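Each remark here refers to the structure printed beneath this line.
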2 protein chains.
Amino acid sequence: MYENSKTPKFLMTTKSIRIKDIAKLAGVSEGTVDRVLHNRGNVSIIALNKVNSVLNEIHYKPNLLARSLGRARNFKVSVLIPEPKTDAYWEEVNSGIIQASAEWENYGVTIDPFYYVHDGELSLELIANRSLNAKPDGMVIAPIFYPQALHVFSRLQELGLPYVLFNTNIPESKPLSFIGQDLFQSGMLAGQLMSIGNITREDILILHIGESIKDSVYLMEKEKGFREFYEKNVHHPVSITSINLDVNESLFKQNLEDMVKDKKITGIFVSTSKPVSTVAQIIQENSRQGIRLIGYDMLPENKNYLKNGWISFLINQNPKRQVIQGISHMVNHLLFNKHVPCTELFPLEVITQHNVDSYITSGIH
Amino acid sequence: MYENSKTPKFLMTTKSIRIKDIAKLAGVSEGTVDRVLHNRGNVSIIALNKVNSVLNEIHYKPNLLARSLGRARNFKVSVLIPEPKTDAYWEEVNSGIIQASAEWENYGVTIDPFYYVHDGELSLELIANRSLNAKPDGMVIAPIFYPQALHVFSRLQELGLPYVLFNTNIPESKPLSFIGQDLFQSGMLAGQLMSIGNITREDILILHIGESIKDSVYLMEKEKGFREFYEKNVHHPVSITSINLDVNESLFKQNLEDMVKDKKITGIFVSTSKPVSTVAQIIQENSRQGIRLIGYDMLPENKNYLKNGWISFLINQNPKRQVIQGISHMVNHLLFNKHVPCTELFPLEVITQHNVDSYITSGIH
DNA sequence: GTGGGAAATGTGTGCGCACACAGTTAAATT
DNA sequence: AATTTAACTGTGTGCGCACACATTTCCCAC
């Protein structure tokens with residue numbers, strides 16, 4: 001059936017059906033098989049039926065290495081994130097971008113990062129426009145400010161450009177894929193961790209701390225989850241008070257300290273990452289060991305207070321892994337036409353004093 | 001300097017230096033560059049110096065896709081694990097093997113699983129010999145029974161065959177790499193989780209449950225960590241009692257029930273995965289809500305008791321990810337001569353009622 | 001100086017796929 | 001009927017690397 005001079009290599013791995021084999025079985029050329037596989041047109045009904053009937057009998061799985069090597073075309077992906085210089089959280093995301101870049105390099109994919117801030121020349125909208133000038137084939141975005149993000153999505157929709165969101169989901173958007181955490185559930189988890197071993201009255205603060213906090217609607221989901229946990233699961237008396245704090249206000253630290261000093265407070269849940277260490281510092285300065293502090297992410301400063309016991313738990317959002325996965329979904333869509341999940345929710349990782357080092361030193365995070 | 005007819009493709013991605021470019025810069029043929037890169041010999045000192053001086057100036061990074069496609073040789077990796085049919089933990093590992101198989105297929109790597117039990121014809125030694133008949137280029141092993149494993153390592157050492165260990169480290173072994181958890185630290189973590197919110201006397205059992213438990217020396221590390229935590233961090237009175245239980249003994253369940261019924265017991269730490277649900281069942285049947293139960297791994301039955309609150313925490317050893325990573329290290333060593341870490345310790349993942357689903361549904365675990 | 005063998009070097013082919021272009025055939029237009 | 005055009009098919013080349021084999025050069029023995 002085949003040439004006798006040598007056992008063809010594909011017979012050594014019985015699974016590896018090639019385009020050449022399909023062409024022979026269908027009685028057409030390799031070019032025709034390629035045209036069918038990629039819907040390139042210019043294929044007669046007769047040839048199309050021949051090839052399809054072979055494809056229906058045989059599990060053909062393209063060699064993705066060869067496909068990438070043979071492809072004439074390169075792809076560009078733009079990644080839009082908040083400015084990493086001022087926030088260790090986004091710095092972590094940036095290192096994920098660099099890692100993904102190296103990973104996809106040999107596949108002919110270029111990944112370009114763009115950084116935005118809340119307002120002005122470096123706002124999300126202007127940065128998005130600038131990134132479009134580079135003619136990307138797709139975009140990966142962490143949209144943390146709600147109203148600005150909407151304009152960007154409209155534009156991308158008009159252009160028919162695929163985009164992936166991570167970190168923050170915007171319900172009105174139509175991304176190829178969203179990668180993040182179930183925020184409501186992370187609030188439930190925080191509630192559970194707060195309540196462990198507590199059998200008498202609790203007085204708890206939920207602090208939403210940041211800049212332009214009113215645009216950050218996703219924080220309310222965490223609070224809802226937290227309150228839901230207590231409502232459903234806890235029978236002793238509980239008082240939960242939520243407060244918005246703007247880091248740019250002159251009295252920010254003073255207000256924070258007044259709250260920490262309140263002798264009634266048994267727990268504080270901070271819904272973001274960066275300010276957790278500020279809260280922990282004030283707790284430490286005021287020797288408030290009785291306060292159980294829960295926040296998000298293993299930023300360097302958070303980690304230190306965790307190891308010293310001033311922070312009880314951090315819920316890891318794994319931002320680095322999120323952007324790596326987001327880029328991976330976009331690339332798999334562009335290069336291989338792979339189906340990617342509409343939504344991918346990450347594990348809610350509980351970080352505490354005696355497991356934090358295992359996360360820091362681990363190679364898979 | 002180069003042909004004028006078309007911009008050569010490599011100039012479009014300025015980082016992609018090829019063997020062809022090195023050959024031109026060094027004034028030798030591509031075959032000679034290949035011989036230098038791979039230390040094949042038959043290269044004169046003059047040519048060697050020419051190539052090396054170019055390599056010292058230029059960051060050459062081989063295209064690993066092209067390398068795999070061009071390589072005539074295929075590799076085989078054998079994976080040795082305990083029989084998965086009787087333990088959901090190893091069943092999870094097996095699904096990791098299948099996933100890794102698909103992942104490395106296009107790179108010309110075949111991955112063969114072999115299953116062993118404690119004694120007899122399917123013992124680790126006999127299975128290891130059988131796997132050697134298939135002439136693997138490397139092995140990935142989960143060695144859970146200490147004495148048998150030593151014989152296998154000696155044999156592999158004689159043969160000069162590289163091997164990777166996962167799940168259990170054996171100090172006398174010389175693996176290419178070990179992937180697992182810091183067992184002592186996982187015991188510390190269990191201790192921390194057990195103590196949260198407890199301010200009065202605790203009476204805690206540490207249960208080592210399994211078959212041939214005396215060969216499973218690694219369980220003692222977990223106990224040591226647990227005890228260390230309590231000694232260093234807890235000031236109220238604590239009694240910790242450790243007990244070995246053999247699942248094959250006729251009085252196993254009766255003994256277990258007697259312990260659970262003891263009204264003093266406030267917590268139970270189970271050092272393995274499978275029996276945690278048995279303990280939880282007995283706790284439930286005896287309505288012992290006051291007992292905080294901590295064990296390992298999100299096996300299906302453990303997960304159910306966790307969601308119902310009868311298990312408080314599970315520490316995830318992530319066995320599936322371990323074997324995937326172990327295979328990845330072996331393959332990277334064999335195919336690309338990459339340096340792989342001597343030891344890779346995984347994060348100590350805390351699984352509890354309100355984050356277990358996020359792990360189950362997540363795509364990255 | 002000549003011949004033979006070993007070392008060294010260069011060249012061609014293959015891996016599986018993508019895709020441009022040459023060649024063929026049928027249909028449409030003049 | 002002759003010519004042109006569009007649809008269709010097959011073939012050749014390239015991607016970057018591995019590596020077998022052909023060719024050249026060098027060295028040593030006679």
Side-chain angles (χ1 to χ4, degrees), chain A residues 3 5-13 15-24 26-51 60-75 105-109 335-337, chain B residues 3 5-13 15-24 26-51 60-75 105-109 335-337:
Chain A
E3 292 177 1
S5 61
K6 258 186 190 171
T7 308
K9 189 172 179 180
F10 89 94
L11 284 181
M12 292 193 276
T13 56
K15 290 185 192 169
S16 305
I17 304 292
R18 303 159 301 172
I19 285 179
K20 184 173 186 171
D21 308 308
I22 295 175
K24 185 155 281 192
V28 298
S29 73
E30 292 162 43
T32 301
V33 176
D34 168 80
R35 275 184 285 272
V36 173
L37 286 176
H38 294 284
N39 293 309
R40 298 196 205 278
N42 285 348
V43 179
S44 68
I45 292 288
I46 294 176
L48 184 63
N49 287 337
K50 282 184 188 175
V51 174
Y60 169 66
K61 189 160 168 283
N63 183 322
L64 299 183
L65 309 192
R67 177 172 285 184
S68 296
L69 198 58
R71 178 189 288 116
R73 177 169 182 205
N74 291 328
F75 289 91
E105 185 180 19
N106 284 339
Y107 289 86
V109 180
L335 265 65
F336 307 126
N337 241 329
Chain B
E3 292 178 5
S5 60
K6 258 186 186 168
T7 307
K9 190 172 178 182
F10 90 94
L11 284 179
M12 289 193 279
T13 56
K15 291 189 193 167
S16 304
I17 305 293
R18 303 160 301 174
I19 285 179
K20 185 174 185 169
D21 308 308
I22 296 175
K24 186 156 282 192
V28 298
S29 71
E30 291 161 45
T32 301
V33 175
D34 169 79
R35 276 184 286 273
V36 172
L37 287 175
H38 294 283
N39 293 308
R40 299 196 206 279
N42 285 346
V43 180
S44 69
I45 293 286
I46 294 175
L48 183 63
N49 287 336
K50 281 183 186 175
V51 174
Y60 168 68
K61 188 160 168 281
N63 183 323
L64 298 184
L65 309 193
R67 176 172 285 184
S68 296
L69 197 58
R71 176 188 288 117
R73 176 168 181 206
N74 291 327
F75 289 91
E105 185 179 19
N106 282 340
Y107 289 86
V109 180
L335 264 65
F336 307 126
N337 242 328

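The sequence lines fix the lettering, A, B, ..., with proteins before strands; numbering per chain opens at 1. When reading the values below, keep in mind they use all heavy atoms of this one structure, side chains included, and skip hydrogens, waters and symmetry mates. Please read all numbers here as calculations on a predicted model, not as lab measurements.
A distance of 7.5 Å separates OG in A:Ser16 from CG in B:Asn106, rounded to the nearest 0.5 Å. For the atom pair OG1 of A:Thr32 and CG of A:Leu37, the computed distance is 11.0 Å after rounding to the nearest 0.5 Å. Atom CG of residue B:Leu64 and atom CZ of residue B:Phe336 lie 4.5 Å apart, to the nearest 0.5 angstrom. Atoms CG and CD, from A:Asn74 and A:Glu105 in turn, are 11.0 Å apart once rounded to the nearest 0.5 Å.
Straight-line distance from the OH atom of A:Tyr107 to the P atom of C:dC17: 14 Å, rounded to whole Å. Rounded to an integer number of Å, the gap from B:Ile17 CD1 to D:dC15 P is 15 Å. If you measure from atom CZ of A:Arg71 to atom C1' of C:dG16, you get 13 Å, rounded to the nearest angstrom. For the pair B:Arg18 CZ and D:dG14 P, the interatomic distance rounds to 12 Å; values are reported in whole Å. Between the C1' atom of C:dG10 and the CG atom of B:Asp34 lies a distance of 12 Å, rounded to the nearest Å. Taking atom CZ of B:Phe336 as the reference point, atom P of D:dG16 lies 17 Å away to the nearest angstrom. In this structure, B:Ile22 atom CD1 and D:dC17 atom P are separated by 8 Å, rounded to whole Å. If you measure from atom CG of B:Leu69 to atom P of D:dG14, you get 17 Å, rounded to the nearest angstrom.
Evaluation of the side chain to side chain contact (heavy atoms under 4.5 Å, CB included) rule for A:Leu48 yields A:Val36, A:Val43, A:Asn52 as partners, not counting sequence neighbours.
Nearest approach of B:Pro62 to B:Arg67, heavy atoms of both residues: CB-NH2, 3.5 Å. Residues B:Ser68 and A:Leu65 come closest through the heavy atom pair CB-CD1, 3.8 Å.
Defining each end axis of the helix from C:dG1-D:dC30 to C:dT30-D:dA1 as the rotation carrying four pairs' C1' atoms onto the next four, with five pairs an end, the two axes are found to diverge by 60° to 10 degrees.
A salt bridge is defined here as a Lys NZ or Arg NE, NH1 or NH2 lying under 4.0 Å from an Asp or Glu carboxylate O, and A:Arg18 with A:Asp21 meets this definition.
The side chain of A:His38 places an N or O atom within less than 4.0 Å of a non-bridging phosphate oxygen (OP1 or OP2) of C:dA18. In terms of phosphate contacts, A:Tyr60 brings a side-chain nitrogen or oxygen within less than 4.0 Å of OP1 or OP2 of C:dC17. In this model, the phosphate group of C:dA18 is approached by a side-chain N or O of A:Arg67 to a distance below 4.0 Å at OP1 or OP2.
Taking only side-chain atoms of A:Ile19, from C-beta outward, the nucleotide of C:dC15, D:dC19, C:dC17 with the closest atom is C:dC17.
Nearest-nucleotide mapping onto DNA chain D: of B:Leu65 and B:Arg40, the residue sitting toward the 5' end is B:Leu65.
B:Arg71 places a side-chain N or O within 3.5 Å of a backbone atom of B:Leu335 that can act as its donor or acceptor partner.
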Response to the item:
In 5'-to-3' order, the base (B), backbone-only (S) or no-contact (-) status of each nucleotide in nucleotides 7-12 of chain D, using a 4.0 angstrom heavy-atom cut-off, is SSBBB-

